[in-house]
Asks: 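Questions regarding the structure given below will be posed in turn.
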Amino acid sequence: MSRSNKRLSKTFFSNKTTLELAQALLGKVLVHKSPAGVIKGIINETEAYSQDEESCHAFGGKRSKRNEVMFWRAGHLYVYFTYGMHYCINIVTGEPDRAEAVLIRSVLPLEGQDIMLLNRKGRQKNLADGPAKLAMAYGFGKAHNGVDLLDGASVIYLEDQGYKPEEITQTERIGISKAKDLPWRFVCRKCIQ
DNA sequence: TACGCGATCGTG
DNA sequence: ACGATCGCGTAT
């Protein structure tokens with residue numbers, strides 16, 4: 001292949017704050033080599049979360065069975081279940097024992113749209129433009145909680161295909177009731193290669 | 001053991 | 001604007 005599809009490794013996460021990573025992840029490709037086939041999408045919406053603010057599942061550094069993975073080394077996948085029916089995914093971004101993560105809210109489908117379509121139960125549009133839609137499209141569930149994206153053998157990982165976000169907008173986070181004021185959401189409409 | 005509520009989505 | 005739907009955290 002003419003493009004170099006670089007699998008992101010530990011160095012991508014080193015020396016970057018969670019806020020910087022939330023922006024740096026825009027344009028990166030989220031890959032799942034699922035049983036049904038390979039699924040790829042370009043990340044185009046993220047939100048940062050930190051144990052220092054109230055909206056975080058691990059506010060105050062409180063560990064629980066649910067949020068345990070948030071305290072792991074950067075590069076792990078934190079999958080949580082919410083509203084009694086939805087899964088959402090985060091990429092852990094903090095130092096070990098510090099809960100920080102980036103919620104992946106949306107991707108632009110790039111490969112495996114046919115599988116996404118099946119996973120989304122035949123919905124034709126808006127395949128992955130929301131955190132729970134994305135998780136469903138990729139076939140993510142509780143089984144994927146704690147997966148290490150930096151493990152070379154992992155079926156879930158990040159790739160740099162050279163896509164650059166065009167016009168990043170920064171806004172307040174969505175769907176939360178606490179710490180609403182923090183502008184920790186990052187969106188880009190397009191990514192250019 | 002009991003209760004209230006969500007980092008959402010799809011329909012109306 | 002609202003209902004679906006249930007695991008988790010917190011309180012009894």
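Here is how names work: the chains are called A, B, and so on, in the same order as the sequence lines, proteins then strands, and each is numbered from 1.
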Asks: So, is Lys62(A) near the phosphate of dT10(C), with a side-chain N or O under 4.0 Å from OP1 or OP2?
Replies: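 Answer yes for this pair, as a side-chain N or O of Lys62(A) is under 4.0 Å from OP1 or OP2.
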Asks: At under 4.0 Å between heavy atoms, what does Asn126(A) touch on the DNA or RNA strands: base, sugar-phosphate, or nothing?
Replies: nothing
Asks: What is the nucleic acid contact for Arg173(A), judged by heavy atoms within less than 4.0 Å: base, sugar-phosphate only, or nothing?
Replies: nothing
Asks: Determine whether the side chains of Ser106(A) and Glu45(A) contain a donor N or O and an acceptor N or O closer than 3.5 Å.
Replies: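 No donor-acceptor contact under 3.5 Å links the two side chains.
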Asks: Partner of dA7(B) by Watson-Crick or G-U wobble geometry, both contacts under 3.5 Å, or none?
Replies: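 Base-paired to nothing in any strand shown.
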Asks: How many whole angstroms separate atom NZ of Lys142(A) from atom P of dG7(C)?
Replies: 8 Å
Asks: Which part of the nucleic acid, if any, lies within reach of Ile176(A) when heavy atoms closer than 4.0 Å are counted: base, sugar-phosphate only, or nothing?
Replies: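 Result for Ile176(A) = sugar-phosphate.
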Asks: Quick one: Lys65(A) NZ to dG9(C) P, roughly how many Å, whole number?
Replies: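 Taking atom P of dG9(C) as the reference, NZ of Lys65(A) is at 10 Å.
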Asks: Do the side chains of Glu47(A) and Arg173(A) get close enough for a salt bridge, i.e. N-O under 4.0 angstrom?
Replies: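 Answer for the salt bridge query: no.
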Asks: Mind checking if Met70(A) touches a base, just sugar-phosphate, or nothing, with heavy atoms under 4.0 Å?
Replies: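 The answer is base, as Met70(A) lies within the cut-off (heavy atoms under 4.0 Å) of a base atom.
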Asks: Between Arg63(A) (CZ) and dC8(C) (P), how many Å, whole number?
Replies: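 The distance from CZ of Arg63(A) to P of dC8(C) comes to 17 Å, rounded to the nearest Å.
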Asks: Which part of the nucleic acid, if any, lies within contact of Arg185(A), taking any heavy atom under 4.0 Å across all strands shown: a base, the sugar-phosphate backbone alone, or nothing?
Replies: nothing
Asks: Could you give the CG-to-C1' distance, from Asn67(A) to dG7(C), as a whole number of Å?
Replies: 14 Å
Asks: Using whole Å, what does the distance between atom C1' of nucleotide dC6(C) and atom OH of Tyr83(A) come to?
Replies: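 Distance check: Tyr83(A) OH to dC6(C) C1' gives 13 Å.
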Asks: Decide whether His144(A) and Tyr138(A) meet the rule of one side-chain donor and one side-chain acceptor closer than 3.5 Å.
Replies: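 The answer is no; no qualifying pair exists.
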Asks: More 5' along DNA chain B: Tyr80(A) or Met136(A), using each one's nearest nucleotide?
Replies: Tyr80(A)
Asks: Please identify the 5'-most and 3'-most nucleotides of DNA chain B with any atom under 4.0 angstrom from a heavy atom of chain A.
Replies: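 Contact boundaries, 5' end first: dG6(B) to dT11(B).
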Asks: Let me know the distance between CZ of Phe59(A) and C1' of dG9(C), rounded to the nearest Å.
Replies: 15 Å
Asks: Between Arg7(A) and Asp160(A), is there a side-chain N and carboxylate O pair less than 4.0 Å apart?
Replies: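 No, this pair does not count.
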Asks: Taking the six-membered ring for Trp, are His86(A) and Phe81(A) ring centroids under 6.0 Å apart?
Replies: no
Asks: Salt bridge check: are Arg63(A) and Asp97(A) linked by an N-O gap of less than 4.0 Å?
Replies: yes
Asks: Indicate whether OP1 or OP2 belonging to dC8(C) is found under 4.0 Å from a side-chain N or O atom of Ser64(A).
Replies: no
Asks: Taking NZ, NE, NH1 and NH2 as the nitrogens, is one of them in Asp52(A) or Arg98(A) under 4.0 Å from a carboxylate oxygen of the other?
Replies: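 Yes, charged N to carboxylate O under 4.0 Å.
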